[in-house]
Amino acid sequence: MTANCAARLLEHYVDNFRRLPWRSPPGEPPPDPYRVWLSEVMLQQTTVAAVTPRFERFVARWPTVEALANAPAEQVLSEWAGLGYYARARNLIACAREVAGRGGFPSTAAELRSLPGIGNYTAAAVASIAFGQDEAAVDTNVNRVVARLHAISQSTRQLTEQLVLAMVPPGRAADFTQAMMDLGATICRPRAPQCGACPLRQDCAAFASGTPDLFPARKPKRVRPKRHGTAWWIERNRCVWLVRRPIKGLLGGMAALPGSGWSEQPVRADVGALGTVRHVFTHFALSLTVVRGTRPIGEGWWQRLDTLAEAGLPTLYRRAAQVAISSSSDQRDAA
DNA sequence: TACGCGTGGTA
DNA sequence: TTACCAAGCGT
């Protein structure tokens, strides 16, 4: 059953091949391991649409892992700004330096797994796609496809990897890995799966059940608390005062506006506030009030307003800056 | 094992 | 508007 299953999946993949900047078409030599690794890290919890233009910029700026390894960390973090999950960028730098130091990427999943920012999934993806190793790359797409194929409500990583490995056609792991993810992304979707177009439906226990979308079982959602804080907009001579956040924790190592901590209590209404930004993080929602300040706070630097876009502000602070700038221009217009 | 960790698109 | 969700990893 599994052999025929994989063969139909590969045929479907070849017929519906999606050309992406980090992919080689079926039958052609594999992409540069650097490009595979970089794309896989960028794609962690991030959509293809969001990654594509950022990947192109990134490889144009640093075409090789050696180039990336020699880049200053602040420049890499700045290039990552807006992509989110900034620990990925910090681990990317550490990984690039380790790989460059050892003269290239290792080719086995076990060795890749030991590098910073490379977990089970990414190790198997790089090993299979870049090095042709028969490894089981289980991401959320593959997990869903397998859960439905076998009508398993709650699987374990170990069991899923075992089931996938049994499906991998020897020597075809590169295409197979991508075929499974494409299937999950386009047909075996979380909601409203397109079973009528699925090459695996004749083998699919969830399809047979009549309610394929119930697999795998959803996790109960957690309530998202609200937090409040203040950021200071300190402007002088067409420059604004920026700081760098502590390397650990939320937005770690990123450029930022100086500000207060974030608490459960709303900030008291500030008459002079330039505006408020509401921003939703994974585990809480933040209401950030932007207030004009007069003198620099803490260690930082003056960033020219006409180069603010290149400062590498994460989205929260990019939006806070927009609020401050548009508020200032409104005041000028009113005067 | 469960939580901390960003952001933007979609229904 | 709200809720869900996206090629996960580190601790």
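These figures come from a predicted structure and were not determined experimentally. Residue numbering restarts at 1 for every chain, and letters A, B, ... go by the order of the sequence lines.
- Between C:dG8 and A:Gln45, a contact under 4.0 Å exists linking OP1 or OP2 to a side-chain N or O.
- Minimum atom distance to the side chain of A:Leu20 is reached by C:dA7, of the listed B:dG6, C:dA7, B:dT7.
- What separates CZ of A:Arg144 from P of C:dC5 is a distance of 9 Å, to the nearest Å.
- Comparing the same atom, C1', in B:dG8 and in C:dT1 gives a spacing of 16 Å after rounding to whole Å.
- Distances shown here put a side-chain N or O of A:Thr140 below 4.0 Å from the OP1 or OP2 atom of C:dA6.
- Dashed line: the shortest gap from a side-chain N or O of A:Tyr86 to OP1 or OP2 of B:dT7 is under 4.0 Å.
- At the phosphate of B:dT7, neither OP1 nor OP2 sits under 4.0 Å from any side-chain N or O atom of A:Arg318.
- A:Thr64 OG1 to A:Arg35 CZ: the interatomic distance, rounded to the nearest 0.5 Å, is 12.0 Å.
- The pair A:Asp182-A:Arg18 counts as a salt bridge, with a side-chain nitrogen and a carboxylate oxygen less than 4.0 angstrom apart.
- C:dA7 sits 23 Å from B:dG4 when the P atoms are compared, rounded to a whole Å.
- Side-chain nitrogen and oxygen atoms of A:Arg224 include none within less than 4.0 Å of the OP1 or OP2 phosphate oxygen of C:dA3.
- Nearest heavy-atom pair across A:Ala71 and A:Trp62 is CB-NE1, 3.3 Å.
- Side-chain N/O atoms of A:Thr315 include one lying less than 4.0 angstrom from OP1 or OP2 on B:dT7.
- For the C1' atoms, the distance from B:dT1 to C:dG10 is 13 Å, rounded to whole Å.
- A close approach under 4.0 Å does occur between a side-chain nitrogen or oxygen of A:Arg222 and OP1 or OP2 of B:dC3.
- In terms of phosphate contacts, A:His283 brings no side-chain nitrogen or oxygen within less than 4.0 Å of OP1 or OP2 of B:dG4.
- A straight line from CZ of A:Phe284 to P of B:dG6 spans 9 Å, rounded to a whole angstrom.
- Listed pair A:His279 / B:dG6 fails the phosphate criterion, with no side-chain N or O lying under 4.0 Å from OP1 or OP2.
- Rounding to the nearest 0.5 angstrom, the gap separating the CG atom in A:Leu68 from the CG atom in A:Leu38 is 7.5 Å.
- Between A:Thr46 and the phosphate of B:dG8, there is no side-chain N or O to OP1/OP2 separation shorter than 4.0 Å.
- For the pair A:Arg90 CZ and C:dG8 P, the computed distance is 18 Å after rounding to whole Å.
- Here the side chains of A:Thr282 and A:Tyr85 are in contact, with some heavy-atom distance below 4.5 Å.
- Taking atom NZ on A:Lys219 and atom C1' on C:dC5, their separation rounds to 13 Å, with Å as the unit.
- Atom OH in A:Tyr121 sits about 8 Å away from atom P in C:dC9, given to the nearest Å.
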